[in-house]
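Working notes for the structure below.
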Amino acid sequence: MTLEEIHGQEPVPAVHDWMQGAGKALHELLVSAQRRGCLTAGVYESAKLMNVDPDNVAFCVLAADEEDEGDIALQIHFTLIQAFCCENDIDIVRVNDVSKLADIVGPGEESGEPRDLHCILITNPNEDGWKDPALEKLNSFCEESRNSNDWVPTITLPE
């Protein structure tokens with residue numbers, strides 16, 4: 001008898017399937033948050049929001065392409081945001097494809113110009129909290145990653 005059979009759970013999926021599921025869940029969460037107006041994009045905008053109302057932040061996404069890896073200022077911002085998220089129990093993931101994020105989130109509403117997508121925060125739309133299946137799946141993914149000492153897991157978005 002396996003541990004899963006004892007607890008009545010299904011076996012944990014393979015790492016690739018788990019990562020792929022997390023990518024789909026992130027895509028769903030971003031689309032849903034965009035529709036609800038619960039998405040804040042931009043490093044500076046996110047930092048301002050976290051400073052004013054950290055309890056309202058439900059999830060954080062940090063995104064950087066290969067060319068962004070050499071941007072020391074951006075990496076310092078990422079380190080500070082990661083520390084803040086860990087201190088305030090905000091789940092956080094990294095994405096290595098800003099262009100895929102731009103395809104999902106789209107241009108800024110005000111000007112139609114591309115916006116800074118290096119940091120995206122998902123906030124709660126009201127005081128009761130937001131019960132989104134994709135958010136719950138990502139929270140579980142982050143918890144499992146922390147259990148294996150991966151504090152800021154990297155997610156690949158689906159094509």
Side-chain angles (χ1 to χ4, degrees), residues 17-146 150-159:
D17 294 340
W18 186 240
M19 291 293 287
Q20 198 171 27
K24 289 179 183 176
L26 181 58
H27 183 278
E28 292 169 13
L29 179 63
L30 291 170
V31 169
S32 177
Q34 179 82 355
R35 267 188 275 124
R36 293 177 182 257
C38 302
L39 188 139
T40 301
V43 172
Y44 296 110
E45 293 81 358
S46 297
K48 285 190 279 186
L49 177 64
M50 286 190 287
N51 188 40
V52 173
D53 192 10
D55 294 333
N56 198 34
V57 178
F59 200 78
C60 179
V61 178
L62 297 178
D65 289 326
E66 284 184 31
E67 60 267 7
D68 293 326
E69 295 300 324
D71 186 344
I72 301 301
L74 183 62
Q75 296 308 316
I76 291 170
H77 287 297
F78 280 4
T79 301
L80 294 171
I81 290 168
Q82 289 173 22
F84 188 88
C85 288
C86 289
E87 188 174 302
N88 289 282
D89 296 323
I90 299 168
D91 285 326
I92 182 170
V93 296
R94 289 190 81 139
V95 173
N96 289 332
D97 196 338
V98 178
S99 62
K100 281 186 186 176
L101 273 178
D103 291 342
I104 296 168
V105 177
E109 295 173 6
E110 312 82 41
S111 63
E113 294 181 20
R115 55 184 164 170
D116 175 15
L117 297 176
H118 290 106
C119 182
I120 296 175
L121 297 181
I122 309 298
T123 57
N124 289 318
N126 57 38
E127 295 174 10
D128 297 334
W130 184 17
K131 303 298 181 209
D132 186 296
L135 179 59
E136 291 176 14
K137 184 181 278 190
L138 285 167
N139 288 335
S140 295
F141 173 78
C142 288
E143 184 176 339
E144 288 293 322
S145 295
R146 283 191 298 273
D150 186 4
W151 293 94
V152 184
T154 300
I155 292 179
T156 303
L157 291 167
E159 295 297 323

* What closest approach, in Å, do Pro54 and Met50 show between heavy atoms, and which atom pair accounts for it? -> CD-O, 3.2 Å

* When rounded to the nearest 0.5 angstrom, what distance separates SG in Cys142 from CD1 in Ile155? -> 6.0 Å

* Asked: Taking Asn88 for the side chain and Ile90 for the main chain, is one N or O donor matched with an acceptor at less than 3.5 Å?
  -> no

* Identify the two heavy atoms, one from Arg94 and one from Gln82, that lie closest to each other, and give their separation to 0.1 Å. => NH1-NE2, 3.6 Å

* Taking it one step at a time, do Asp68 and Val98 satisfy side chain to side chain contact (heavy atoms under 4.5 Å, CB included)? -> CA-CA 10 Å; Asp68 293 326; Val98 178; 4.2 Å; yes

* Crowding at CD, Glu66 (>12 non-hydrogen neighbours, <6.0 Å) -> no

* Quick one: CZ on Phe84 to CD1 on Ile81, what's the gap to the nearest 0.5 Å? -> 10.0 Å

* Asked: Which value, rounded to the nearest 0.5 Å, describes the distance between Lys24 atom NZ and Leu138 atom CG?
  -> 13.5 Å

* Asked: Say you draw a straight line from CG of Leu117 to CG of Asp103; how long is it, rounded to the nearest 0.5 Å?
  -> 10.0 Å

* Asked: Are any non-hydrogen side-chain atoms of Val93 and Phe59 less than 4.5 angstrom apart?
  -> yes

* Minimum heavy-atom distance Lys100-Pro158, with the two atoms named -> CD-O, 4.2 Å

* **Side-chain touch Leu74/Phe78, heavy atoms, less than 4.5 angstrom** => yes

* Nearest 0.5 Å, what's the CD1-CD distance between Ile122 and Gln34? -> 9.0 Å

* To do: Evaluate the side-chain proximity of Asp53 to Thr123: yes if any heavy-atom separation is below 4.5 Å, no if none is.
  => no

* Please name the pair of heavy atoms, one in Asp65 and one in Asn96, separated by the smallest distance, quoted to 0.1 Å. => OD1-O, 3.5 Å

* **Sole candidate of Leu26, Leu62, Val105, Leu29 that passes side chain to side chain contact (heavy atoms under 4.5 Å, CB included) when paired with Ile120** => Val105

* To do: Locate the shortest heavy-atom distance separating Cys85 from Ile92; write the atom from each residue and the value.
  => SG-CD1, 4.1 Å

* Asked: Would you say Asn139's side chain and Leu135's backbone share a donor-acceptor pair under 3.5 angstrom?
  -> yes

* **Geometric class of the Tyr44/His77 ring pair [parallel <30°, tilted 30-60°, perpendicular >60°]** => perpendicular

* To do: Could you pull out the closest heavy-atom pair between Ser46 and Thr40, with the gap in Å?
  => OG-O, 3.8 Å

* Asked: What is the distance from atom CG of Leu49 to atom SG of Cys119, rounded to the nearest 0.5 Å?
  -> 9.5 Å

